[in-house]
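Just below is one structure, and these are the notes that go with it.
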Amino acid sequence: MTGTVFYKMTGSGNDFVMLDGRHASLAQWPAEAISAICDRRMGVGADGLVIITPAEEPGAIEFVYLNRDGSRAGMCGNAALCSTRLAVFLGIAPAEGMTLLTDSGRVRTRCTGPGHMAEIGLPDFDLPVPVEVESRPGESAFYLGTVGVPHMVVVTDDVSKVDVPGRGRELRFHPVTGGAGANVNFVSPPAGGGDGPWRIRTYERGVEEETLACGTGTVASAYVADLLGLHRLPSEWHTARGLRLGVSGTRQGPRGTDPWLLGEGRLVYAGVIQ
């Protein structure tokens, strides 16, 4: 078969079409082509398209992430986890550690164990700050900040009761987020209470609907929960499908420092785009 080889990967349900940049270029992928391949009925189906390419710097990988609508994003945590595993699978970077060169800066990554788990070390960032938003029943706090991309964190009583598509879209375009908008992450304690993993659901800009996981959104949420004394770092989080993400790091004044995200980068299948 002739065509472009692609790799379908998932990071806790946040899924991607992945391309080897040695055999595919960004110029070949205008917005309409990205939307078509990410279409879940007429294409492969994905939340976004990722191109990874070996850089001249040893152990470094150029990372390009495009949302399903063709817009370019600086960073995506789950895509970075998938890129780490794929780079090792393709033999272009070592499992014990590499650097992803993203539009949001340099990201340290490494594989964890023989399965499909990986870790990414994100750049330090300014902690999200509280913003004024008219609350709905069950919502108790709103924080806004940038971890790779802009995120709003909404603390709720129970994420299972949130209308993520409706409320998420409303907040994604809220004036406090600025002209570009933000991802919206709804978080709540474990069902039934206790000290277990908190739950998170995300409305993602560029996808314009709920995605099953958001890595950088989980990092932003973990730091907000720690800041409020609700769920201390290091912390575990459950995605919409109940899969596990882990966040570690520290706070120094207004800054989030040494943030690391643990999650999956699982290869689902490979195919050929005709």
Side-chain angles (χ1 to χ4, degrees), residues 4-26 29 46-67 72-125 146-149 213-220 222-223 234 237 239 243-250 256-270:
T4 302
V5 175
F6 72 90
Y7 303 88
K8 174 67 180 285
M9 299 193 72
T10 180
S12 302
N14 194 193
D15 59 341
F16 313 98
V17 172
M18 314 280 296
L19 301 176
D20 183 343
R22 295 172 297 179
H23 310 296
S25 69
L26 181 59
W29 290 93
D47 292 323
L49 178 79
V50 183
I51 303 175
I52 62 170
T53 311
E56 292 185 5
E57 176 186 337
I61 300 293
E62 294 180 0
F63 169 98
V64 175
Y65 179 76
L66 300 121
N67 290 307
R72 186 159 172 168
M75 176 56 183
C76 172
N78 285 312
L81 293 168
C82 290
S83 296
T84 300
R85 278 292 177 181
L86 182 60
V88 173
F89 177 81
L90 296 175
I92 58 177
E96 59 270 19
M98 66 191 77
T99 300
L100 298 184
L101 307 179
T102 81
D103 290 354
S104 295
R106 299 168 66 90
V107 176
R108 299 162 293 161
T109 77
R110 60 195 178 209
C111 293
T112 304
H116 49 253
M117 301 299 286
E119 289 182 303
I120 59 173
L122 297 166
D124 293 353
F125 59 92
T146 297
V147 181
V149 296
C214 180
T216 54
T218 303
V219 173
Y223 273 81
W237 295 76
T239 69
L243 299 175
R244 179 175 66 95
L245 290 169
V247 179
S248 63
T250 56
T257 54
D258 197 30
W260 281 86
L261 172 70
L262 170 70
E264 72 168 14
R266 181 164 56 87
L267 177 61
V268 181
Y269 61 85

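All values reported here derive from a predicted model rather than from experimental measurement.
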CA sep, side-chain torsions, deciding dist, call: T99, T109, side chain to side chain contact (heavy atoms under 4.5 Å, CB included): CA-CA 6 Å; T99 300; T109 77; over 6 Å; no
Criterion side chain to side chain contact (heavy atoms under 4.5 Å, CB included) on T216 and M75, from CA distance to verdict: CA-CA 8 Å; T216 54; M75 176 56 183; 4.1 Å; yes
Evaluation steps, side chain to side chain contact (heavy atoms under 4.5 Å, CB included), between V64 and R72: CA-CA 8 Å; V64 175; R72 186 159 172 168; 3.7 Å; yes
Derivation of the side chain to side chain contact (heavy atoms under 4.5 Å, CB included) call for D258 and W260: CA-CA 7 Å; D258 197 30; W260 281 86; 3.2 Å; yes
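Here the shortest heavy-atom pairing between I52 and A87 reads CD1-N, 4.0 Å. The heavy-atom pair separating P123 from V107 by the smallest distance is CD-CG2, 4.3 Å. The two atoms that bring R85 and P114 nearest to each other are NH2-C, 4.3 Å, heavy atoms only. When all heavy atoms of A80 and L100 are compared, the closest pair comes out as CB-CD1, 3.6 Å. Taking both residues in full, the closest heavy atoms of L261 and G215 are given as CD2-CA, 3.5 Å, listed atom of the first, atom of the second, then distance. Heavy-atom minimum distance, A79 versus Y65: CB-CD1, 3.8 Å.
Here the side chains of L262 and L245 are not in contact, with every heavy-atom distance at 4.5 Å or above. Taking 4.5 Å as the limit, every side-chain heavy atom of Y7 sits out of range of all side-chain heavy atoms of F16. Counting heavy atoms from C-beta outward, P259 and V147 have side chains that stay 4.5 Å or more apart. At least one side-chain heavy atom of I92 sits under 4.5 Å from a side-chain heavy atom of I61. Considering only heavy atoms from C-beta on, M18 comes within 4.5 Å of C82 through its side chain. Side-chain atoms of H116 and L81, non-hydrogen and from C-beta on, never get closer than 4.5 Å to each other. The side-chain heavy atoms of W29 and L19, taken from C-beta on, include a pair separated by under 4.5 Å. Contact check for P54 versus R22: side-chain heavy atoms found under the 4.5 Å cut-off.
Taking CG of L66 as the reference point, atom SG of C76 lies at 11.0 Å (rounded to 0.5 Å). For the atom pair CZ (F89) and CE (M9), the distance works out to 9.0 Å, reported to the nearest 0.5 Å. The distance from the CD atom of E56 to the CG atom of L101 is 11.0 Å, given to the nearest 0.5 Å. Within the model, atoms OG1 of T53 and CG of L26 stand 9.5 Å from one another, a figure rounded to the nearest 0.5 Å. Atom-to-atom distance recorded for N14:CG and L243:CG is 11.5 Å, nearest 0.5 angstrom. In this structure, the separation between CE on M98 and CD on E57 is 13.0 Å, given to the nearest 0.5 Å.
Under the 6.0 Å cut-off for aromatic ring centres, Y223 and F125 qualify, their centroids lying closer than that.
With salt bridges taken as basic N to acidic carboxylate O contacts below 4.0 Å, one links R110 and E119. Using a 4.0 Å cut-off between charged nitrogen and carboxylate oxygen, D15 and R266 do not count as a salt-bridge pair.
T102 places a side-chain N or O within 3.5 Å of a backbone atom of S104 that can act as its donor or acceptor partner. When atom types are taken as modelled, the side chain of N67 and the backbone of A73 share no donor-acceptor pair closer than 3.5 angstrom. Side chain of E264 to backbone of S12: a donor-acceptor contact under 3.5 angstrom is found.
Inspection of the T257 and T250 side chains reveals an N or O donor paired with an N or O acceptor under 3.5 Å.
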